[in-house]
Amino acid sequence: MRILEMIEDISDPRMEGKVRHKLSTIIFVALCGVLCGCESWNDMRDYCKAKKNWLSQYVSLANGIPSGYTFRRVFTLLNPDSVEYLLRTHAAEIVNKGKASEQIAIDGKALRGSKRLDIQCLHSVSAWCHENGLILAERQTESKSNEITAIPLLLESLDLKGNTVTIDAVGCQKSITKLITRKKGNYVLGFKSNHPKFYEAVKEHIKQYSESAQNRLYDAFDDSHGKSVRRRYFGYNISSLPEAKKWSEVQTVVAVETISSKNNDPSRKVSAEWRYYLSNHQCTDKRLPHYIRNHWSIENRLHWVLDVHLKEDDDQKAERKSARSFSLLKRIALNIVRTKDTTPKKSLRRKLKHSAWDDDYLLSMLS
């Protein structure tokens with residue numbers, strides 16, 4: 001079992017000679033427990049007790065069932081970077097065997113259950129492969145403001161060659177564009193007024209050339225979710241602007257107009273909003289609207305799923321290391337479920353329940 005081989009490579013932080021249960025046993029049981037719906041350390045103890053015979057085929061339980069305290073203590077000592085490395089290497093193997101990656105979305109998320117009176121909640125910054133629906137890697141930060149420092153570290157750990165990296169405005173930094181292009185990647189970054197001089201120059205450039213059929217990339221209506229929405233995308237070459245010279249290989253700004261109205265609103269009030277994105281793609285590249293729309297799959301298919309199906313916001317673990325490691329186990333479990341069972345219209349909730357009920361199904365997930 002390849003995932004178990006990876007787990008066995010993790011170094012044990014405990015004092016040698018005072019260990020009753022192997023580290024690989026604790027982590028493997030915890031991962032299986034998360035796949036079967038466990039939410040606490042005591043859940044894992046009960047799961048291990050109920051599935052002892054099945055688990056004993058793959059890990060040693062010769063010294064009995066680990067207590068809930070044992071699970072908690074081990075994950076309090078364990079370096080979360082070891083679990084993140086497991087996430088990254090496992091995801092890389094899946095990508096190498098599956099569909100080629102083209103877009104990597106980067107976005108942050110708060111672990112709200114980790115907040116206490118004296119400390120802020122932990123934040124994570126994830127790299128999401130849109131094509132495969134996988135979390136490729138993740139970095140944890142102590143606050144949202146630290147995302148700017150975490151994003152470059154996350155990008156350094158990834159193979160960006162041939163991929164387009166999409167980030168919201170927090171990642172729109174000169175240093176980040178330089179890093180992405182140095183690693184042979186492309187970028188589409190949310191662009192706001194936090195760079196006032198460049199922002200105003202871009203808006204003046206757009207006003208000068210206006211919207212026309214020549215620079216229109218996409219124009220379509222969407223009548224779903226109780227709203228009527230028209231989205232228009234326009235691409236402009238801004239490489240000649242003096243401020244653009246400071247940004248690595250920047251060529252294009254994409255202006256997106258969203259015109260919307262609620263279907264159940266008797267007044268049919270219409271609202272309009274403009275958003276802007278910087279990119280090193282050519283301004284005529286018809287893929288740009290798709291990169292911008294697909295970026296938000298990280299919210300819909302990752303963050304929403306973690307909160308609704310894996311109860312991440314409800315997790316009240318106080319100790320920082322254990323909270324971080326447990327959140328990473330949930331991401332590994334999500335990658336496993338997404339790639340191993342591709343049955344159409346079978347929800348994640350059904351897959352997790354199936355894992356808890358059927359040992360053969362769980363084995364097929366882990367194999």
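- Pro13 and Leu23 get closest at one heavy-atom pair: CD-CD2, 4.4 Å.
- Side-chain contact, Gln173 with Ser175: no donor N or O sits under 3.5 Å from an acceptor N or O.
- Distance SG/Cys32 to CG/Leu362: 5.0 Å, rounded to 0.5 Å.
- For the pair Asn237 (side chain) and Cys283 (backbone), a donor-acceptor distance under 3.5 Å is absent.
- The aromatic rings of His195 and Phe191 lie parallel to each other, their planes meeting at an angle below 30°, with 60° marking the opposite boundary.
- Side-chain contact check for Thr141 and Glu147: no donor-acceptor pair (N or O, by modelled atom type) lies under 3.5 Å.
- Between Tyr58 and Trp54, the ring centre distance stays below 6.0 Å.
- Other residues, nucleotides and ligands place more than 12 heavy atoms under 6.0 Å from the CZ atom of Arg216.
- Expressed to the nearest 0.5 Å, how far NZ of Lys51 lies from CD1 of Ile65 amounts to 13.0 Å.
- Of the candidates Leu306, Leu122, Leu302, Ile298, Leu306 is the only one forming a side chain to side chain contact (heavy atoms under 4.5 Å, CB included) with Lys109.
- Taking the side chain as every heavy atom from C-beta outward, Arg45 and Thr70 never approach each other to under 4.5 Å.
- Using a 4.5 Å cut-off between side-chain heavy atoms of Ile, Leu, Val, Met, Phe, Trp and Tyr, with links allowed through other members, Leu328 and Val305 fall into the same hydrophobic cluster.
- Leu87 and Ile104 fall into different hydrophobic clusters, where Ile, Leu, Val, Met, Phe, Trp and Tyr residues are linked whenever their side-chain heavy atoms come under 4.5 Å apart, directly or through other members.
- Side chain of Lys183 to main chain of Glu156: a donor-acceptor pair is present (N/O by atom type, distance under 3.5 Å, no hydrogens or angles).
- Between Arg88 and Ser157 the shortest side-chain heavy-atom distance falls below 4.5 Å.
- Distance check, rounded to the nearest 0.5 Å: OG of Ser355 to CG of Leu35 gives 5.5 Å.
- Between Leu153 and Arg139, some side-chain heavy-atom pair lies under the 4.5 Å cut-off.
- Not one N or O on the side chain of Thr25 forms a donor-acceptor pair closer than 3.5 Å with the backbone of His21.
- Of the possible donor and acceptor atoms, one in the side chain of Asp43 sits under 3.5 Å from a partner among the backbone N and O of Ser40.
- Ionic pairing of Glu243 and Lys246 is present here: one or more N-O contacts between side-chain nitrogen and carboxylate oxygen are shorter than 4.0 angstrom.
- Between Thr166 and Gln103 the shortest side-chain heavy-atom distance falls below 4.5 Å.
- Panel note: side chain His205, backbone Val253; no donor-acceptor pair is recorded below 3.5 Å.
- Shown here are the side chain to side chain donor-acceptor pair (under 3.5 Å) partners of Arg73, two or more places apart in sequence or in another chain: there are none.
- Side-chain heavy atoms closer than 4.5 Å link hydrophobic residues (I, L, V, M, F, W, Y) into clusters, and following such links, even through other members, never connects Val256 to Tyr199.
- Remark: Glu319 CD to Ser325 OG distance equals 8.5 Å, nearest 0.5 Å.
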Evaluation steps, side-chain contact (heavy atoms from CB on, under 4.5 Å), between Phe221 and Ser228: CA-CA 7 Å; Phe221 289 87; Ser228 295; over 6 Å; no
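- Here the two rings, on His295 and Tyr291, have centers that are 6.0 Å apart or farther.
- In terms of modelled atom types and a separation under 3.5 Å, the side chain of Asn215 and the main chain of Phe234 share no donor-acceptor contact.
- Lys227 NZ to Lys262 NZ: the interatomic distance, rounded to the nearest 0.5 Å, is 7.0 Å.
- Within the 4.5 Å cutoff, side-chain heavy atoms of Cys48 are placed close to those of Leu61.
- Around CD of Glu211, the count of heavy atoms belonging to other residues, nucleotides or ligands within 6.0 Å exceeds 12.
- Proximity of a side-chain donor or acceptor of Asp358 to a complementary backbone N or O of His354 within less than 3.5 Å is not detected.
- In this structure, the side chains of Pro152 and Leu155 stay at 4.5 Å or more apart for every pair of heavy atoms.
- A salt bridge links Arg2 with Glu93: the distance from a Lys NZ or Arg NE/NH1/NH2 to an Asp or Glu carboxylate oxygen falls below 4.0 Å.
- Linking Ile, Leu, Val, Met, Phe, Trp and Tyr residues whenever their side-chain heavy atoms come within less than 4.5 Å places Phe28 and Leu363 in a single cluster.
- Contact check for Phe71 versus Phe326: no side-chain heavy atoms found under the 4.5 Å cut-off.
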Verdict with reasoning, Asn280 to Val250, per side-chain contact (heavy atoms from CB on, under 4.5 Å): CA-CA 4 Å; Asn280 64 333; Val250 71; 5.7 Å; no
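- Lys330 places a side-chain N or O within 3.5 Å of a backbone atom of Leu310 that can act as its donor or acceptor partner.
- Centroid-to-centroid, the aromatic rings of Tyr187 and Trp247 stay 6.0 Å apart or farther.
- Evaluated for a salt bridge (charged side-chain N to carboxylate O under 4.0 Å, His left out) with Asp222, the options Arg230, Arg232, Arg231 yield exactly one hit, Arg231.
- Between the side chains of Thr252 and Ser279, no donor-acceptor pair is found at a separation under 3.5 Å.
- Tracing side-chain contacts under 4.5 Å through hydrophobic residues (I, L, V, M, F, W, Y), one reaches Leu366 starting from Leu329; they form part of the same cluster.
- Exactly one of Glu312, Glu84, His90 qualifies for a side-chain hydrogen bond (donor to acceptor under 3.5 Å, both in side chains) with Arg331. That residue is Glu312.
- Side-chain atoms of Asn335 and Asn132 form no donor-acceptor pair, as typed in the model, at a separation below 3.5 Å.
- Of the inter-residue distances, the one linking Ile26 atom CD1 with Leu77 atom CG reads 11.5 Å to the nearest 0.5 angstrom.
- Of the possible polar contacts, none joining the Asp307 side chain to the His309 backbone as a donor-acceptor pair under 3.5 Å is found.
- In this model, a donor atom of one side chain and an acceptor atom of the other lie less than 3.5 Å apart for Arg275 and Thr258.
- For the residue pair Asp341/Tyr361, the side-chain donor-acceptor check at 3.5 Å is satisfied.
- A heavy-atom distance below 4.5 Å is not found between the side chains of Ile332 and Val34.
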What's the verdict on side-chain contact (heavy atoms from CB on, under 4.5 Å) for Gln140 and Leu111, showing C-alpha distance, side-chain angles and the deciding distance? CA-CA 10 Å; Gln140 296 281 338; Leu111 305 179; 3.7 Å; yes
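- Of the possible donor and acceptor atoms, none in the side chain of Thr343 sits under 3.5 Å from a partner among the backbone N and O of Lys346.
- Of the options His130, His281, Arg287, a side-chain hydrogen bond (donor to acceptor under 3.5 Å, both in side chains) to Thr164 is made by His281 and by none of the others.
- Closest approach of Arg338 and Gly133 over heavy atoms only: NH1-O, 3.7 Å.
- With 3.5 Å as the limit, one finds a donor-acceptor pair spanning the side chains of Ser260 and Ser271.
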Verify side chain to side chain donor-acceptor pair (under 3.5 Å) between Glu8 and Ser24, making sure each step is shown before the conclusion. CA-CA 5 Å; Glu8 287 172 345; Ser24 57; 4.6 Å; no
Quick one, Thr177 with Glu249, criterion side-chain contact (heavy atoms from CB on, under 4.5 Å). Give me CA distance, side-chain angles, the key distance, then yes/no. CA-CA 8 Å; Thr177 62; Glu249 298 182 12; over 6 Å; no
